[in-house]
Novice: 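Structure below; questions to follow.
All chains are named by letter (A, B, ...) in the order of the sequence lines, taking the proteins before the strands, and each is independently numbered beginning at 1.
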Amino acid sequence: MFDVSKGDLVGLVIGPGGAGGAGGAGATAAVATGTATASVTLDEVATMEAEHGPRWVVWSQATTGALVAAGIRVARAWDLVAVHRLLYGGWSSDPGRIWARLNGLSTANLPQVRPPDLFNQVDPAAAGNDPIDDDGYVRAEWAAGAWAESPERAAAWARLAWRTAQLQQGWLDASSDPARMTATARSESAAELLCAELAHDGLPLDRERAEAIIESFVGRRPRSDADAAVLRAERDELVLRHAPPDSRFDLRSPGQVKSLLRRIGIEVTDTRAWRLESLRDEHPLVEALLAWRKAERVATTYGYAWLDEYVGDDPDTGAGRLRGEWSGSDGAAGRMTASAGLHNLPGDMRGAVVADDGWVFVRADLGQIEPRVLAAVSGDVALARASADDDMYTPVARQLGVDRATAKVAVLGAMYGQTTGHGAQALRGLQQNYPVAIEYLEAASRTAQVGTDLRTYGGRLVRMGTANANDVSERDLRSHAAARGRYGRNAMVQGAAAEFFKLWAVTVRARVAPLGARIVLCLHDELLVHTPLESAEATARLVDECLQEAAHRWAPRPVAGAPPVRFLTDLSVIGCWADAKD
DNA sequence: ATCGTAGGCGCC
DNA sequence: AAAGGGCGCCTACGAT
């Protein structure tokens, strides 16, 4: 059907109705290259994947999600949103904005879909068969869904995706390091595939265990709204009985908690747990309040409502699955994000994350990823040498003539912008012994402070925005500049670490699939792989091999005289996430 | 009534 | 002198 080879770009769109019969009414899936287009069924997409292994150009995770839902897991992708975020920073974008940026068109007044009203009837014929309007912009109606109204339009939409990918590749080629940025674009695109699969598969979670854990914190499941109110009041009473009689304070209002504390003779600027920690012995109410807070967190965020909303079944086995939405590169530095509490499950709840019968988890996290990444991206020879040690802080401490704890605080402080306390003194030692790494951070901080954008090692644009100088005091301006400095400094390390992690993750995704294993959780520097018991050892070996492969591909050219930076994992095979030792 | 912000806390 | 970054999610609260 198509003259394509492995890795060639092929535009792919899938309409809301999925793929009907090829060319027939309702066939809204289409593929396109620069020379051919076709309406296709999802079966035909699967065949093309198996026979040609192209790199599928998709507008967003929506297409990938439709594929996964249809049971198709492709190897390669070019995700236009993911590459857009790499090139231009920021968050999600629609086709209109992506196209405009690539073509040098202003994005200040992007065409909008006008809601149909008495005077503005949408005329389906008006949109024609060209997704690009006379002014060069993408027709907003197309982006809003009109592209799926006919096979011809779907084909044109797939063709536009292909053309957009070509434009993006052109911009990557025009960068200072085309090979590296292209590698990042491909890795980030694969991460979006992984995200679609994570969202579909879900994290194995034992409902009964989860219920038991919740119950241990907040008591039994309420039978009604009224019952819930009673139980809530009972939990509040455990704190309020320590309060002055006839007083009325709302524990959920930080301001009122502050007033309450003042009434019992405790004056604080805020009521955060770490601040109250040292005041535990001052008054029994403090202890009760801290326990209440912990329970309240479970009750509101990880309680029965959370369970009911986000935990469903595996379609095959009926086992519990916690599902959320996944994004491959949200936020400043391009980390993965997840909803439904997947990225911030309380430690106590991990006891409910249990592998299916006959399956286990291979859990692996990257050891000291940020200082190792700093060594790699900065090209600091001395720091790269230190990375040879299982514990980087040991050689650093020896070099600086301080204890390990001080060395660790100093290194972390340097990366995060902290310059006070014990770290400050050791910072000077870092400057002397690891000048390249420290200067890398300082340069990022200086650039960020004046509001200039940065790019991570992998090429992601970190936008610094602009300070609103008119309504802040001189003092605030300075603190804003300092904050921007910390932000930029941190984004360079955290961002590069995120890129490296994703390269590792997508490599694992590809390698363990033949074993029947699947990644079920990505947690910034940690992978949880669900694998059949008999494949556990092989999976574990692959996870480690993939790290070495990723490290080799990610930083192939160490500075002359420097050893390659060493990366390592802490790896365990477990039946329950809580069994991980740490 | 709806919205955005702030305080707070979970994880890395 | 002092300064930690990121995210999601909850509640209260003030502004609109």
Novice: Roughly how many Å is it from CE in Met349(A) to C1' in dG10(B), rounded to a whole number?
Specialist: 11 Å
Novice: Testing Phe501(A), Phe500(A), Trp504(A) for ring pair (Phe, Tyr, Trp, His ring centres under 6.0 Å) with Trp554(A), which one passes?
Specialist: Phe500(A)
Novice: With distance as the sole criterion, is a donor-acceptor pair present between the side chains of Thr539(A) and Arg518(A) under 3.5 Å?
Specialist: no
Novice: What integer distance in Å separates Arg335(A):CZ from dG8(C):P?
Specialist: 11 Å
Novice: How long is the line joining CD of Glu370(A) and P of dG6(C), in whole Å?
Specialist: 12 Å
Novice: Could you please name the option among dC12(B), dG10(B), dC9(B) that lies closest to any side-chain atom of Asp525(A)?
Specialist: dC12(B)
Novice: Of Asp313(A), Asp356(A), Asp201(A), which meets salt bridge (Lys or Arg N to Asp or Glu O under 4.0 Å) against Arg321(A)?
Specialist: Asp356(A)
Novice: Whole angstroms only, please: what is the CD-P distance between Glu526(A) and dC7(C)?
Specialist: 20 Å
Novice: Find the distance Ile369(A):CD1 to dG5(C):C1' and express it as a whole number of Å.
Specialist: 16 Å
Novice: Is there a donor in the side chain of Tyr302(A) and an acceptor in the side chain of Asp348(A), or the other way round, less than 3.5 Å apart?
Specialist: no
Novice: Should Arg486(A) be listed as having a side-chain N or O under 4.0 Å from OP1 or OP2 of dG5(C)?
Specialist: yes
Novice: Using a 4.0 Å heavy-atom cut-off across all strands, classify Ala273(A) as base, sugar-phosphate, or nothing.
Specialist: sugar-phosphate
Novice: Let's see if you can work this out: which of dG5(C), dG8(C), dC9(B) has an atom nearest to the side-chain heavy atoms of Thr337(A)?
Specialist: dG8(C)
Novice: Reckon Arg272(A) has a side-chain N or O less than 4.0 Å from the OP1 or OP2 of dG8(B)?
Specialist: yes
Novice: Of all the choices, dG8(B), dG10(B), dC12(B), which nucleotide is nearest to the side chain of Arg350(A) once you look at every atom?
Specialist: dC12(B)
Novice: Summarise protein proximity over nucleotides 9-16 of chain C in one line of letters, 5' to 3': B for base, S for sugar-phosphate only, - for none, counting protein heavy atoms closer than 4.0 Å.
Specialist: BSSSS---
Novice: Within the 3.5 Å criterion, strictly below it, is a donor on Glu499(A) or Thr456(A) matched to an acceptor on the partner's side chain?
Specialist: yes
Novice: I need the CH2-P distance between Trp577(A) and dG10(B), as an integer number of Å.
Specialist: 15 Å
Novice: Just to be sure I understand the rule, does Gly347(A) reach a base, reach only the sugar-phosphate, or reach nothing, if contact means heavy atoms closer than 4.0 Å?
Specialist: sugar-phosphate
Novice: Could you state the atom-to-atom distance from CG of Asp365(A) to C1' of dC11(B) in whole Å?
Specialist: 13 Å
Novice: Which label fits Trp326(A) and His343(A): parallel for a plane angle under 30°, tilted from 30 to 60°, or perpendicular past 60°?
Specialist: perpendicular
Novice: Taking atom types as modelled and ignoring hydrogens, do the side chains of Trp292(A) and Glu237(A) form a donor-acceptor contact shorter than 3.5 angstrom?
Specialist: no
Novice: Without decimals, in angstroms, what is the distance between Arg489(A) CZ and dG4(C) P?
Specialist: 12 Å
Novice: Considering only atom C1', compute the distance from dC9(B) to dA2(C) and round it to an integer number of Å.
Specialist: 24 Å
